[in-house]
Amino acid sequence: MTLLPTTILDVFNEPGCARNASKSNVERKNGCTKQLKPGGAAGGCAFDGAKIALQPFTDVAHLVHGPIACEGNSWDNRGSASSGSDLWRRSFTTDMTETDVVFGGEKRLYRAVKEITEKYDPQAIFVYQTCVPAMIGDDIDMVCKAASAKFGKPVIPINAPGFVGSKNLGNKLAGEALLEHVIGTGEPDYTTPYDINIIGEYNLSGELWQVKPLLDELGIRILSCISGDGKYREVAYSHRAKAAMMVCSKAMINLARKMRQRYGIPFFEGSFYGIEDSSDSLRQIARLLIERGAPAELMERTQALIAREETKAWTAIERFKPRFAGKRVVLITGGVKSWSMVAALQEAGLEIVGASVKKSTEKDKERIKELMGQHAHMIEDMSSREIYKMLKDAKADIMLSGGKSQFVALKAATPWLDINQERCHAYMGYVGIVKLMEEIEKALYNPIWDQLRQGAPWDEFDWKRQAKTVAQMDVQVVDPVRGATANGVKTISFSNRSEIGDGESAIAAHGRNLVEPAKPCTNSTARGPACKDTFSDLQPSALQAAE
Amino acid sequence: MTLLPTTILDVFNEPGCARNASKSNVERKNGCTKQLKPGGAAGGCAFDGAKIALQPFTDVAHLVHGPIACEGNSWDNRGSASSGSDLWRRSFTTDMTETDVVFGGEKRLYRAVKEITEKYDPQAIFVYQTCVPAMIGDDIDMVCKAASAKFGKPVIPINAPGFVGSKNLGNKLAGEALLEHVIGTGEPDYTTPYDINIIGEYNLSGELWQVKPLLDELGIRILSCISGDGKYREVAYSHRAKAAMMVCSKAMINLARKMRQRYGIPFFEGSFYGIEDSSDSLRQIARLLIERGAPAELMERTQALIAREETKAWTAIERFKPRFAGKRVVLITGGVKSWSMVAALQEAGLEIVGASVKKSTEKDKERIKELMGQHAHMIEDMSSREIYKMLKDAKADIMLSGGKSQFVALKAATPWLDINQERCHAYMGYVGIVKLMEEIEKALYNPIWDQLRQGAPWDEFDWKRQAKTVAQMDVQVVDPVRGATANGVKTISFSNRSEIGDGESAIAAHGRNLVEPAKPCTNSTARGPACKDTFSDLQPSALQAAE
Amino acid sequence: MAIVTASKKACSVNPLKMSQPIGGSFAFMGLRGAMPLLHGPQGCASFGLTLFVRHFNEAVPMQTTAMNEVATVLGGLENLEQAILNIYNRVEPEIIGINSTGVTETNGDDVEAFIRLIRQKHPQLEKLPLVYVSTPDFKDAFQDGWGKTVARMIEVLVAPVDAARPRDGSRVNVLPGCHLTPGDLDELRTIFEDFRLKPSFLPDVAGSLDGHIPDEFTPTTIGGIGVDEIATMGQAAWTIAIGAQMRRAAEIMQARTGTPFRLFERLCGLMPSDEFIAFLSEISGRSVPSKYRRQRGQLADAMLDAHFHIGGRKLAIGAEPDLLFDLSSFLHDMGAQVTAAVTTTNSPVLQRVRTEDVLIGDLEDLEELARSRDCDLLMSHSHGRQAASRLNVPFLRVGFPMFDRLGAAHLTTVGYRGTRDLIFDIANLIITDRETNHGPTPDSWPSPAVTCRSIRPSCIEQEEKPLG
Amino acid sequence: MAIVTASKKACSVNPLKMSQPIGGSFAFMGLRGAMPLLHGPQGCASFGLTLFVRHFNEAVPMQTTAMNEVATVLGGLENLEQAILNIYNRVEPEIIGINSTGVTETNGDDVEAFIRLIRQKHPQLEKLPLVYVSTPDFKDAFQDGWGKTVARMIEVLVAPVDAARPRDGSRVNVLPGCHLTPGDLDELRTIFEDFRLKPSFLPDVAGSLDGHIPDEFTPTTIGGIGVDEIATMGQAAWTIAIGAQMRRAAEIMQARTGTPFRLFERLCGLMPSDEFIAFLSEISGRSVPSKYRRQRGQLADAMLDAHFHIGGRKLAIGAEPDLLFDLSSFLHDMGAQVTAAVTTTNSPVLQRVRTEDVLIGDLEDLEELARSRDCDLLMSHSHGRQAASRLNVPFLRVGFPMFDRLGAAHLTTVGYRGTRDLIFDIANLIITDRETNHGPTPDSWPSPAVTCRSIRPSCIEQEEKPLG
């Protein structure tokens, strides 16, 4: 059995990792290795993470070495977009049989590479290791090396079997594989002072193309995007970029850091979600490029473009403000997007009454607090049942989260929007944020909510049962901050201590409006620091799988 | 009220009409004016006929002057195909209101022409008169003349209101309108010795294009097709053709005859249904063109092409012969296609056990008799109930007819094929006949028939009821040739006197096979002349509508 | 509050409307052993027949008095007499339903008088119900013809009842508008029966046009409600009318027999279905079967799943008033914007369509409105296919006629289940359109700058040597 | 008699197959208050969960023992113990259903022994049913996992009965294969109830995954068959198994309780539905309700209307064996030619597929066969969309997963009504394809001659003067 200790330890010790940096030594040791709780976990594995990070390379054949489960149950499930090859959308797996498990799967793997080469002649083949062949000792590095030599084509081993850790670890191991086997193995036809890499951007729903025209206009070239709409050859020569942008602060930080180390490519962490973040990122790109030798006039042009685009975007968003007045948002993401999303939403006049910080660093949290004000409700880890109750109790008007947690909101008859990888809308840059506002407006004002919040008129019984159920849920939920209950009217502290009608009667009267709209959560001043940990001991549930 | 007496009488006296020619004087007087029986008729009206004949002109706006019924209930219902404009598929009608009926509709009609001209600027507008405006005296000739002068565009009155007669009469009145207002009003850019008109071909399912490549190959140009895939300008200069082919013997015989008279364009009646008919038609075209001055070598090339195509078609059809051995066909068409279809079907080894002759001339009938042999069963006019019984009794393996009579066959669980205007397959020429055979094979051998001929296994009752029903039908049907019934076994004469099991037991045992396949109807020698008139006194029914 | 206007055009282009006589004949097709008879030239019946045959894929009974030019001059008595006698002798109908046409109305035929004369002359017709309805082609539209005909059936065929006599609490009269399909009626029948109610549908096109295979081939309708059952409808406890077009019929029923009625203007959607089920629960005194609890949950869930796709869609819809009102209200409830609405005839419901304006017009109007208002979903009967194709927007066929797809008779949009399935159909249509026509490309969001500045060759640097 | 072969490729491209552990978990989802637990690394459960969520658009319960690398070395006892305890404490399930995965099977975990140890150690678990099924990823496929799991449920959960005791004549056990949707089960339930039979579906995914809105958000299944009801299944008069995958489960039920069974390998199509209805009529002693007479007629009529379109189509189908057998047989009965058939695992029904050869392979195989054999209709789960798009042939989504359209749970193909609706769907798909891609053009029938001779300019005549 190959335990991959070196690479993994290396990744665990990632000094570029903001989270690690902010941890104590003890935390650091446990943090990234985080032993998942049996019977209480549902997140993706390291293989999943590696695949997510690399699969958007469009001209590569992605070959999964393992039994059918790893690939057969999971392929063709992400919305990256390609402007060229569709090879990446095909699925390749060795579909190991019992015989392979007994006698070893290396030969089958080698033959699989051969078949792919003959039939599809890809630019490269990425071979993903999975648990079973790792257990039986299949040496994919060796097979890849031999196949590469034989077929004269890059065959790259991606050593991230599922059981070594989380999806996030898989992202980083994918980055390591690129560093070890791909980056620096090619040369571009030419370079310019305006060449950048974008790292950790997957071009979901083609959203990179919402930003690329702006870069084009500035004469900035995306030398390599890792990995959205990416091409093998472009990664191979990505070491020739002048600067890099790290889009997702967790996924491939190791890659950005090591490229800075090895090739001297400076990078920044940025986001294209929201107006100000987009502007910041453009400025950062210009700054780094100028530092690396691009003419200073680039900054002037960048500022002019930003001014123009911001004006347009602000104008477009202006019309949403009256529609969004008093509307409260709960934002549950993997954490990495939270702060940039928060800013974007506030730009349009929405009030953020809660944001998940489960995967956020302390710095992220600070930033969120800064943005949301004193009363920020940071959700560390909240059970589905909890969130369901919170939404049923009309503590928020809309939830934004990943696909798997959608039902918590929807079944509570609360508007919800997908902001993760399965969504079909693109939300990047100045046009994307306007699109997001449009979608939020559509969701908030869809007439179905009023209909769904009402029970069947013929079903008195149902309503009684529901009231009872909600009462039960109150009892079940461990909530130390919850106020005293008396005579059917009680004080519940959620993100603040403002007094509102209790959930039961509010629901029974379909009475979202019973909650006084003029008193949103953040108006309260009694919010104590204890609040943020209120739910942190609860079991994670479906939500954990979000993202 | 305008009774249109001149044109109509003119058409009634059509000397080119084979049917008229073969009639006695008395018959002739009644024949074409044929008073439809109230409560026993369902065929189309003259307006319908005129529209069918002209609507395939693709670049013309077809404007129906009348209440909504005439156009609103009927538009967009035919499968002609266009290689160019789709204007003909749009529907235009004055949609007369009560006010128009009271005060006259001429102004509305004029304004309608104006609107069409402004919005669609068509090559021409055909204005169809209908019953109500004819009753109230709207003078469409006058309006068309005025509009034509005003808008500088041909606006052609088509005077065929529904109540003046049958669909067939409408076809002819449409031809008259073309003769009076269109033909001879334009000139082609150039002419060739190979220019022909095709008259009465509507390019249903694009079937003209199954033949046109052959004409192209021979260098023969369709100067004008009246009216399939036709253009206004082409009709206008159609008088410059060297020869013409009349595809459908009834529809526009007057047009062909008068073009011969006025412009000296010889014509023949031909068909592209079936191998031999296609070859004959090609030869006739070549012959007429050569007579009009085309080089004699055209005939050689034509013969060579025919030889090549026939060989290919025969080869293609050969494979159906074993599949068709012993299979019996009933063919119910408007009559005009019968003889050519009969030949085509026999070419493939099918046996024709009945063909409708309702609209056929004596000459057609002779021809059918010749083709089908002594035992031809010519169906003069058979009720739906009769045909249903005939098919339930397994007297035929497949029925070919128009769409409206399909249910008679289908509900009797008998294969059926649409050979009229609503079908979606093209059956013309050498490729078309092979396609027809394919469709017949598919229909004959579709496994649904076996399933549908069986009753529900759980429904004994149903079968008893059905047997009773069939017995009742036997009683109801006036069938002087029916044999004596005794002890549940009886002799039925259908198209012959061969003895078979009766319908009841045959059906009850799902026993199409009880009918000895080696003894098809035409093997009998006892078929008497009385048979062909067996059903002729019966009321027409849905079938009459089947064109 | 929508503003209702009528098109001012002289020329109707691509008509949405069909004539009212065939709407009347359609109503007669829901009666057992019926022969609908159009009093007019044969073409009127022929066009109608073709339309029904293409929609239902069924043999359809329909006859004509075959008025020709001469008969028109002389008046239609003789042709009507012959037609009735011929039908009577040949097909032994249980009822003949007669609708006038433009020609006979223009002529001024007094058909009720003709019928009295014919009955006098032919005593054998004494027991044959003959229902006549005036339905000129040049007024009103298809659904009006249906509504008037059903109202007249009640006047002629329903026996008056003694108001003092107790009613049959389990019997319910159902007067469905012509926008309900056989599939809708089957669904409603099941729902009624699950509440142990016995419905009498007048007319019952589900019985006659649902596509069953008859034992023998008859020229009249097979199935449908019998004249005998219609006669006893006055004994029912309730009349349920569906669609505003049926209000008058329900009122006549009430006036004639005292049977109270409830009108349901909509049956598609969550709230309309709730109201309907609650009403049945109330009049039957039975609690709602668990089947409908589950169906309601399934519908709510379908609304959740589909609102992402349907919400915000800009709908262009062309349909007769009751269908327009039902479907546009439902789609409004799903978050779509009813952006263009065209209909065939006036109706009190039109003002309540959830949109700015409703136009009594044609499919050209609908196409133009859809284009100028940037609609991205089109709904109408099959004739709208050309407009949808030119606009390149997804197209949902609704209503009559639907001649270019199979299964028109079985499309079901009433009740929880019908609404649920409709929601999936619409959402999937939209998803397919998005995949087919709106996938993101590098050019989906073009640069706002007039020309895109590309890498200037002068910028290209000297090639560096690889490091590794 | 089809020849069944297995693909010889080393690399599976575009897999059709999914793994058997999640098929097992799926079966547990049809039990009330159940928590399916995959014994393996967390990714296995995560992938499975995503797949079910995308198909059903529902929150789906699924847990994992979260085996990591170290735990794998040490064996899975501790993780299993923790998982069971965590689930027990947190969600109070009525049952935990455990399936093994490739990792724990490779490791050789003796899970039955683990469970005994855990029960000894934690007496509070005494009454909590724990059902374990061995389902290694590297063997068999999704439907095998389902079949094995249901069989094991019967062994563990059904109480033995005294053979002498009289059976409940109205009770029927129904063992549906995993190819039946919640919509199918709802349809069957209605049919059973119309015969006054009380069905116990094991499992009952209709109860749990039909898309209802729960009152509260629970981490286990809501709905489904309860453990109490399963225990009494031995009292039923009959077991009806649907799909050959359920034969073993039915045999075990018979062996354990003496309940006789009848296996229906198909429920789509006229004859299979006839047999099914006849059987219900027979065991219930009731005549067939008129509703089914009418439905049968409607189906027959749909077959007539649609055979023009479906007849002669060359079908390429990729599906698990029972679904493949059911749908390909049905389409063969409609006159289609089953030209390419690919499946995931072996089954006795494969030989009886009405085609030349059945390949145990992947969607690349299906695509290649469809191309080389000129198929013009493709059916498979949603992953086949790419192949259909490359082949430019109409594509019907069938089976699991169906993640790119809504309403997967409600697609119904069983019985007269389900078959009827499926027929219309397929026919309309084909009609749409014909309109979109195969309309006739002047070039549809190119001249057989190599080059088309056009009018030679030399032939052009002098222009004549017009006559008129």
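In what follows, every chain begins at residue 1, and chains take the letters A, B, ... in the order their sequences are listed.
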Output the option from C/Tyr88, C/Phe142, C/Phe138 having the highest count of non-hydrogen pairs under 4.5 Å with chain B.
-> C/Phe138
Sorted by chain and number, sequence neighbours left out, side chain to side chain donor-acceptor pair (under 3.5 Å) with B/Asp121 holds for B/Lys153
Is chain B contacted by the side chain of C/Glu92, its backbone, both, or neither, given a heavy-atom distance below 4.5 Å?
-> neither
Can you tell which part of B/Asp86 gets under 4.5 Å to a heavy atom of chain C, answering side chain, backbone, both or neither?
-> side chain
So do the side chains of B/Cys131 and C/Pro41 get within less than 4.5 Å of each other, counting heavy atoms only?
-> yes
Value rounded to 0.5 Å, distance of CD in C/Glu58 from NZ in B/Lys411 = 3.5 Å
Among the listed options C/Leu85, C/Val13, C/Ile96, C/Asn14, the residue most often paired with chain B at heavy-atom distances under 4.5 Å | C/Asn14
For C/Pro15 and B/Glu71 the tightest heavy-atom approach is CG-CG, 4.4 Å
Interface residues of residues 108-117 of chain B facing chain C - heavy atom cut-off under 4.5 Å = B/Arg108, B/Arg111, B/Ala112, B/Glu115, B/Ile116
Just by distance, do the side chain of C/Asn68 and the backbone of B/Val164 share a donor-acceptor pair under 3.5 Å?
-> no
Check the angle between the aromatic planes of C/His383 and B/Trp75 and answer parallel, tilted or perpendicular using the 30° and 60° thresholds.
-> parallel
Part of C/Leu363 within contact of chain B (heavy atom distance under 4.5 Å) | side chain
Identify which part of B/Phe92 has an atom lying under 4.5 Å from any heavy atom of chain C, answering side chain, backbone, both or neither.
-> both
C/Lys17 portion near chain B, given a 4.5 angstrom heavy-atom threshold | both
Among B/Thr93, B/Asp95, B/Val132, which has the most heavy-atom pairs under 4.5 Å with chain C?
-> B/Thr93
Find the distance between CG (B/Leu63) and SG (C/Cys11) and round it off to the nearest 0.5 Å.
-> 5.0 Å
Side chain B/Arg89, main chain C/Gln386, donor-acceptor under 3.5 Å = no
What heavy-atom pair brings B/Gly43 and C/Gln42 nearest, and what distance separates the two atoms?
-> O-OE1, 3.2 Å
Which one of B/Gly66, B/Ser74, B/Gly162, B/Ala61 has the most heavy-atom pairs closer than 4.5 Å to chain C?
-> B/Ser74
Go through C/Gly43, C/Pro136, C/Ala83 and name the one with the most non-hydrogen pairs under 4.5 angstrom from chain B.
-> C/Ala83
side-chain contact (heavy atoms from CB on, under 4.5 Å) evaluation trace for C/Lys9 with B/Lys119 = CA-CA 12 Å; C/Lys9 300 189 299 191; B/Lys119 279 192 284 196; 3.6 Å; yes
Dump the intermediate steps for side-chain contact (heavy atoms from CB on, under 4.5 Å) on B/Val101 and C/Glu105, then the final yes or no.
-> CA-CA 10 Å; B/Val101 174; C/Glu105 292 282 349; over 6 Å; no
Between atom CZ of C/Arg54 and atom CG of B/Asp76, what is the distance when rounded to the nearest 0.5 Å?
-> 7.0 Å
Side chain of B/Asn73, backbone of C/Leu51: donor and acceptor closer than 3.5 Å?
-> no
From the list B/Thr99, B/Leu410, B/Asp48, the residue making the most non-hydrogen contacts under 4.5 Å with chain C is B/Asp48
Taken to the nearest 0.5 Å, the spacing of C/Thr106 OG1 from B/Glu98 CD works out to 9.0 Å
Rounded to the nearest 0.5 angstrom, the CD-OG distance for C/Glu364 and B/Ser91 is 10.5 Å
Assert top hit (heavy-atom pairs under 4.5 Å, partner chain B, pool C/Asn57, C/Val53, C/Leu80) equals C/Asn57
